[in-house]
Amino acid sequence: MSGLFITLEGVDGAGKSSHMQWLPDFFAQQGLEVVMTREPGGTPVGEKLREILLHESMSQETEALLMFASRQENLNRVIKPALAAGKLLLCDRFTDSTYAYQGGGRHFDTGKIAALENWVQAGLNPDLTLLFDVPLAVSRERLGRHGASLDRFEQENDTFFEAVRNAYLQRAANDPARFMVVDSTQPFDQVKEFVEAGLLKFIRQRINAHT
Ligand SMILES: Nc1ncnc2c1ncn2[C@@H]1O[C@H](COP(=O)(O)OP(=O)(O)O)[C@@H](O)[C@H]1O
Ligand SMILES: [Mg+2]
């Protein structure tokens, strides 16, 4: 795999989708061709699974399995082909979300998540993960602002939210080489500048590593 695999993570309302919008132009300016996808979703089957995952009640086991079913489709149809073609693959949520939401939020056995991860990904992991971090109050305020009805995860209580956020921060602390933690409470343009600077550094390191 010669491309670059970058994921965006964080609690709902942290700013992932908003920042996803300027990233393709930024990377294009660096001469990198971008393919974007999201999870759950990103493929015809994945998007159907997303609808089920966000709106139907189900057991924890089913939820974890469907997340990885969607991921398998995304890997086969979108992620691996893009990386094989040397492109930059940007994914809005990936396996860190499963560890944070199903593992942290729902206390689903992380050993089982790891088993699915090993099976489905077979060692394919993101090169870089941007973790957009905001506290509960900011997330709630931003989600409330766009007024749309909340999905199954967004409807969860404060304890769930804190567990998800803490699981993310713990994973970032355990793997600082892969994670870039972004303080997303700052005004949008400031967050953007911080991310741009971090990405330029990352791209330069990658180019140096290959020359
Ligand atoms: N730095 C920021 N300051 C203020 N509002 C923001 C900021 N980043 C994102 N938002 C707003 O917060 C809301 C949620 O952002 P969104 O990108 O949809 O989050 P996510 O995809 O992580 O759930 C949107 O209305 C967005 O415009
Ligand atoms: Mg989003």
Side-chain angles (χ1 to χ4, degrees), residues 5-27 34-43 46-56 63 66-67 70-71 73-74 78-79 88-106 126 128-172 178-199:
F5 184 11
I6 299 181
T7 57
L8 279 67
E9 293 284 358
V11 296
D12 293 298
K16 299 177 296 299
S17 303
S18 310
H19 288 286
M20 194 89 169
Q21 294 186 9
W22 60 265
L23 284 167
D25 283 344
F26 167 83
F27 287 120
V34 175
V35 174
M36 292 199 284
T37 187
R38 68 169 177 179
E39 292 203 354
T43 64
E47 290 295 326
K48 287 187 177 171
L49 293 174
R50 179 187 180 90
E51 278 307 303
I52 296 168
L53 279 160
L54 296 189
H55 303 293
E56 306 288 338
E63 187 176 282
L66 291 184
M67 288 292 179
S70 171
R71 187 157 300 140
E73 275 300 292
N74 210 7
V78 182
I79 299 174
L88 189 148
L89 192 289
L90 266 184
C91 197
D92 186 339
R93 293 194 180 285
F94 195 64
T95 303
D96 293 305
S97 283
T98 314
Y99 279 102
Y101 283 77
Q102 282 67 49
R106 301 217 193 285
L128 176 71
T129 298
L130 306 178
L131 174 55
F132 292 88
D133 182 53
V134 292
L136 176 70
V138 173
S139 163
R140 293 273 189 256
E141 200 261 325
R142 288 184 187 167
L143 286 180
R145 201 193 297 157
H146 61 193
S149 59
L150 301 178
D151 68 40
R152 277 175 69 229
F153 298 98
E154 292 166 339
Q155 282 166 19
E156 288 286 350
N157 64 24
D158 294 0
T159 310
F160 180 90
F161 176 95
E162 294 293 358
V164 171
R165 184 186 181 210
N166 288 334
Y168 268 134
L169 291 172
Q170 191 61 57
R171 286 183 68 74
R178 174 165 68 90
F179 276 91
M180 184 172 137
V181 181
V182 180
D183 175 4
S184 203
T185 62
Q186 300 296 311
F188 188 86
D189 288 341
Q190 236 165 285
V191 178
K192 181 169 180 266
E193 276 174 34
F194 179 85
V195 172
E196 281 176 338
L199 288 174

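Values reported hereafter were calculated over all heavy atoms of this structure, with side chains retained and with hydrogens, waters and symmetry mates removed. We count ligands from 1, going down the list as the structure has it; atoms in each ligand are counted the same way.
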*Counting both backbone and side chain atoms, is some N or O of Val191 under 3.5 Å from an N or O of ligand 1?*
no
_Looking at ligand 1, would Gly10 count as a contact under a 4.0 Å heavy-atom criterion?_
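It does not; every heavy atom stays at 4.0 Å or beyond.
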*asked:* If we only consider heavy atoms of Asp92, is any one of them less than 4.0 Å away from an atom in ligand 1?
replied: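 The answer is no: ligand 1 sits nowhere under 4.0 Å from a heavy atom of Asp92.
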*Which option out of Ser17, Gly144, Ala14, Pro187 puts a heavy atom nearest to atom 18 (O) of ligand 1?*
Ser17
_From Arg142, Met20, His19 - option closest to atom 11 (C) of ligand 1 by heavy atom_ =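 Residue with the shortest heavy-atom distance to the ligand atom: Arg142.
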Provide the closest heavy-atom pair for [X] versus [Y] in the form atom of the first, atom of the second, distance.
X      : Y     : value
Glu39  : Cys91 : CG-SG, 3.9 Å
Tyr101 : Gly10 : OH-O, 3.8 Å
Met20  : Leu90 : CE-O, 3.5 Å
Leu49  : Ser70 : CD1-N, 3.6 Å

Go through ligand 1 atom by atom and flag the ones less than 4.0 Å from a non-hydrogen atom of [X].
X      : value
Gly15  : 9 (C), 15 (O), 16 (P), 17 (O), 19 (O), 20 (P), 22 (O)
Val11  : 22 (O)
Asp12  : 23 (O)
Ser18  : 9 (C), 15 (O), 16 (P), 17 (O), 26 (C), 27 (O)
Ser184 : 1 (N)

_I'd like to know if Arg152 pairs up with Glu63 as an ion pair, taking the criterion as any Lys NZ or Arg NE/NH1/NH2 lying under 4.0 Å from an Asp or Glu carboxylate oxygen._
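The answer is yes: the pair qualifies as a salt bridge.
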_Under a 4.0 Å threshold between the charged nitrogen and the carboxylate oxygen, would Arg93 count as salt-bridged to Asp12?_
yes
*Going by the angle between their ring planes, with limits at 30° and 60°, are Phe132 and His19 parallel, tilted or perpendicular?*
parallel
*State whether the side chain of Glu156 and the backbone N or O of Phe161 hold a donor-acceptor pair below 3.5 Å, judged by distance alone.*
no
_Test your reading of the model: is there a side-chain donor-acceptor pair from Thr129 to the backbone of Phe179, 3.5 Å cut-off?_
no
*For Ser184, which of Val11, Val191, Leu131 qualifies under side chain to side chain contact (heavy atoms under 4.5 Å, CB included)?*
Val191
*Quick one: list whatever passes side-chain contact (heavy atoms from CB on, under 4.5 Å) with Asn157, sequence neighbours left out.*
Thr159, Phe160
*Any idea how many protein N, O or S atoms are nearer than 2.8 Å to the Mg ion (ligand 2)?*
1
